[in-house]
Amino acid sequence: MKKDITSRKDIKHIISKFYEKLLNDEEMLPFFENFVQNESLEKHIDIITDFWNDILFDTITYSNNVLKKHLDVNSFIEFKEKHFTIWMSYLFETIDTDFIGLNTSKMKERATSISMVMKLKMNLYKN
């Protein structure tokens, strides 16, 4: 039976499964090869877990600028609309596999918002 996202542990489960999908996708792998090569993927997953924990549970653990991080990556590996489509699809699929509820909806709504802002900043947003 599905439940709502209620803890950092739930978020880490989502992010870990989500990254498994991203790393197995040839279109998405180039964005993460640096983490894999430097054996820093687990640290990255913890950072992203902190980011979502702050969003869902009003904690203060994430201290980076998520938009700047992605804009920096975009200067080396260009994001395209298809990358955002794949990212959203895998994230929603991963969330929906095990979770349902208010925090689940909030995570998906915020992901949609974040994606839109990033696309705007990268001149990829289309009405």
Q | Heavy atoms from other residues, nucleotides or ligands near NZ of Lys17 exceed 12 (cutoff 6.0 Å) | A | no
Q: Quick one: list whatever passes ring pair (Phe, Tyr, Trp, His ring centres under 6.0 Å) with Phe18, sequence neighbours left out.
A: Trp87
Between atom [atom1] of [X] and atom [atom2] of [Y], what is the distance when rounded to the nearest 0.5 Å?
X	Y	atom1	atom2	answer
Leu91	Met107	CG	CE	5.0 Å
Thr112	Met116	OG1	CE	7.5 Å
Leu56	Thr6	CG	OG1	10.5 Å
Leu22	Ile15	CG	CD1	9.5 Å
Thr85	Lys80	OG1	NZ	13.0 Å
Ser16	Ile48	OG	CD1	11.5 Å

Q. Name the one of Phe51, Trp52, Phe57 that satisfies ring pair (Phe, Tyr, Trp, His ring centres under 6.0 Å) with Tyr62?
A. Phe51
Tell me whether [X] contacts the main-chain N or O of [Y] through its side chain, where contact means a donor paired with an acceptor under 3.5 Å.
X	Y	result
Thr49	Ile45	yes
Asp54	Thr61	yes
Asp4	Leu102	yes

Q | Aromatic ring pairing His44/Phe32, orientation class (parallel under 30°, perpendicular over 60°, tilted between) | A | tilted
Q) Going by the side chain to side chain donor-acceptor pair (under 3.5 Å) test, which pairs reach into residues 90-99, not counting sequence neighbours? A) His13-Asp98, Lys21-Glu93, Lys21-Thr94, Asp25-Tyr90, Asp96-Lys108
Q: Mind running side chain to side chain contact (heavy atoms under 4.5 Å, CB included) on Asp10 and Asn103 for me, showing each step along the way?
A: CA-CA 11 Å; Asp10 290 342; Asn103 286 328; over 6 Å; no
Q. Excluding sequence neighbours, so at least two apart, what forms side chain to side chain contact (heavy atoms under 4.5 Å, CB included) with Ile100?
A. Lys2
Q | Trace of the side chain to side chain contact (heavy atoms under 4.5 Å, CB included) decision for Lys3 with Thr104 | A | CA-CA 9 Å; Lys3 64 180 189 94; Thr104 303; over 6 Å; no
For [X] against [Y], the heavy-atom pair lying closest together:
X	Y	answer
Asp46	Arg8	O-NH2, 3.3 Å
Met28	His83	CE-O, 3.7 Å
Met88	Ser115	SD-CB, 3.8 Å

